[in-house]
Amino acid sequence: MWTRGKLKEVAKAALHRNYWKIVLVSMILMLLGCETGGLSFHKTVRNGSAETITEGSYESGSLPTGKRSVIAVKKRADSDKVTVEMIDDGEFASKEVEISFFEGMIVGFVAIIVFLIIFAIVLAVILALDIFLINPFSVGGKRFMVKSVEDVAQVKEITYGFDHSYKNIVKVMFHMDLSIFLWTLLFIIPGVIKMYEYYMVPYILTENPDMEYKAAMQMSRDMMEGNKWKTFVLGLSFILWHILGTLTLGIAEVLYVQPYRNLTFAALYCQLRNTRVMNHVEIPLYGQYGMNGQYGMNGQYEMNGQYEMNGQYGTNGDGNGQQW
């Protein structure tokens, strides 16, 4: 059974061992948005203004101005006139003109089409970056944190997702994100629940990059069974730290809060993984959890190994191990 206090003790010890490397990797992950789910959509609504703005570019003759290039058309809600901003012979000019209802409809329709095309292009670029760049970096960052919890990691671990089964990691993370997104469409709450069900998927990939997406998602569900609420509360326990980060203009966030938080959740994964290993539950056939792997039947976690009955962390151990 894990507790927040024990996990945070492990995180602090790991941060002390490898401070500057952990800060550097956490900063990279923050800049990429790996620790906030990758994508963030922002919608800004401006109230208190009677102005409705429509923008677009048009060829000469499309409006009664007779100008070469119209770059913006703005219409006030309380006026029948529109303000046309244009470039005429290399000079910027602004003029109020009257246009017919039909011409206004054309202007509005073209502006909407242009906006939708631009929005679709931007969205496609963001999604592509998230799928093919940010997700592999997220897996590599989590591997670095797990390695830091267990020992001292190297910064190069952050590229792990690109060097080991890149296509499969992209595929698994895509299925995870898609599942969470689809469940979020059902009034948000189911999506939040699924997010915590699949919380361990990227951590699982850090040590099993070849695992099929169904197996990885199922393993995460099993690991998070009975732990979703506790994990949610664990995240809430950092609220005051994040407030401190805000008050220090992000300095504390970069130098302490995010590294501390990342290590704490990496420690949670290690705890849940080790619990499964000791219980011999659904251990993969290959990799370090396989039959002859580090955590398998003949590995260091076997009957008399470090983590089993007579080991340092086992039933008859001294109970003074580095983590649990």
Side-chain angles (χ1 to χ4, degrees), residues 6-38 129-170 172-173 199-211 216 220 251-274 277 284 286-290 292-296 299-301 305-307 312-313 321-324:
K6 289 182 179 180
L7 295 181
K8 291 182 177 182
E9 286 178 9
V10 173
K12 290 175 183 176
L15 186 59
H16 178 74
R17 283 195 307 270
N18 204 20
Y19 178 75
W20 286 111
K21 289 181 182 179
I22 293 172
V23 169
L24 174 61
V25 171
S26 293
M27 187 183 304
I28 294 172
L29 297 177
M30 288 176 64
L31 291 174
L32 291 173
C34 296
E35 297 307 319
T36 56
L129 288 174
D130 184 65
I131 293 169
F132 298 106
L133 181 67
I134 294 177
N135 280 345
F137 266 124
S138 178
V139 172
K142 286 175 171 55
R143 178 178 173 85
F144 173 87
M145 296 299 168
V146 170
K147 290 282 187 180
S148 295
V149 166
E150 297 178 331
D151 194 7
V152 176
Q154 300 300 318
V155 176
K156 66 180 181 180
E157 297 289 354
I158 196 173
T159 63
Y160 179 85
F162 297 93
D163 300 333
H164 297 77
S165 302
Y166 171 74
K167 291 182 180 179
N168 188 65
I169 287 176
V170 167
V172 175
M173 294 295 287
Y199 206 93
M200 293 299 155
V201 168
Y203 290 100
I204 292 169
L205 291 175
T206 65
E207 297 176 309
N208 301 275
D210 296 319
M211 183 176 288
S220 178
I251 296 176
E253 191 78 21
V254 172
L255 297 180
Y256 187 77
V257 180
Q258 275 299 329
Y260 179 29
R261 185 182 186 279
N262 293 340
L263 289 168
T264 300
F265 281 97
L268 171 61
Y269 166 73
C270 291
Q271 172 63 37
L272 296 179
R273 176 199 65 191
N274 292 345
V277 169
Y286 305 102
Q288 63 174 322
Y289 294 93
N292 299 312
Q294 183 182 11
Y295 300 92
Q300 64 169 309
Y301 297 91
Q306 184 182 16
Y307 290 87
Q312 182 181 3
Y313 302 96
Q322 61 173 341
Q323 298 179 20
W324 332 112

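Position 1 is the first residue of the sequence, and the numbers go up from there.
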For N135, does its backbone N or O pair with a side-chain atom of D130 as donor and acceptor, under 3.5 Å?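 Checked: no pair found.
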
Give a yes or no answer on whether the side chain of R17 reaches the backbone of V149 with a donor-acceptor pair at less than 3.5 Å.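 Confirmed, R17 side chain pairs with V149 backbone.
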
Evaluate L29 against I158 for side-chain contact (heavy atoms from CB on, under 4.5 Å), listing each step before the verdict. CA-CA 9 Å; L29 297 177; I158 196 173; 4.1 Å; yes

Quick test of your reading of the model: are K147 and E157 salt-bridged, counting only N-O distances below 4.0 Å?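 No salt bridge links K147 with E157.
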
Value rounded to 0.5 Å, distance of [atom1] in [X] from [atom2] in [Y]:
| X | Y | atom1 | atom2 | answer |
| --- | --- | --- | --- | --- |
| E150 | N274 | CD | CG | 7.0 Å |
| I169 | I131 | CD1 | CD1 | 15.0 Å |
| S138 | R143 | OG | CZ | 14.0 Å |
| I204 | S220 | CD1 | OG | 5.0 Å |
| L15 | M145 | CG | CE | 9.0 Å |
| M27 | Q258 | CE | CD | 11.0 Å |

Which heavy atom of [X] sits nearest to which heavy atom of [Y], and what is that distance?
| X | Y | answer |
| --- | --- | --- |
| V23 | L255 | CG2-O, 3.7 Å |
| N168 | M211 | ND2-O, 2.9 Å |
| S26 | N262 | OG-ND2, 3.2 Å |
| P209 | S165 | O-CB, 3.5 Å |
| L32 | I134 | O-CD1, 3.3 Å |
| P259 | I22 | CB-CG2, 3.6 Å |

Applying side-chain contact (heavy atoms from CB on, under 4.5 Å), can you list everything that pairs with P136, at least two apart in sequence or on another chain? F162, Y166, V170

Contacts of A11 that satisfy side-chain contact (heavy atoms from CB on, under 4.5 Å) - sequence neighbours left out: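 Here the qualifying residues are Y260, L263, T264.
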
Start with the C-alpha distance between K21 and S148, add both sets of side-chain angles, then the distance that settles side-chain contact (heavy atoms from CB on, under 4.5 Å), and finish with yes or no. CA-CA 9 Å; K21 289 181 182 179; S148 295; over 6 Å; no

Kindly write out the residues that satisfy ring-ring contact (aromatic ring centres under 6.0 Å, His included) with Y160, not counting sequence neighbours, or none if the list is empty.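 Result, ring-ring contact (aromatic ring centres under 6.0 Å, His included) vs Y160: H164.
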
Please determine whether side-chain contact (heavy atoms from CB on, under 4.5 Å) holds for the pair T159 and F144, giving the CA-CA distance in whole Å, both sets of side-chain angles, and the decisive distance to 0.1 Å. CA-CA 9 Å; T159 63; F144 173 87; over 6 Å; no

One pair to check against side-chain contact (heavy atoms from CB on, under 4.5 Å): L272 and Y269. What are the steps and the verdict? CA-CA 5 Å; L272 296 179; Y269 166 73; 5.7 Å; no

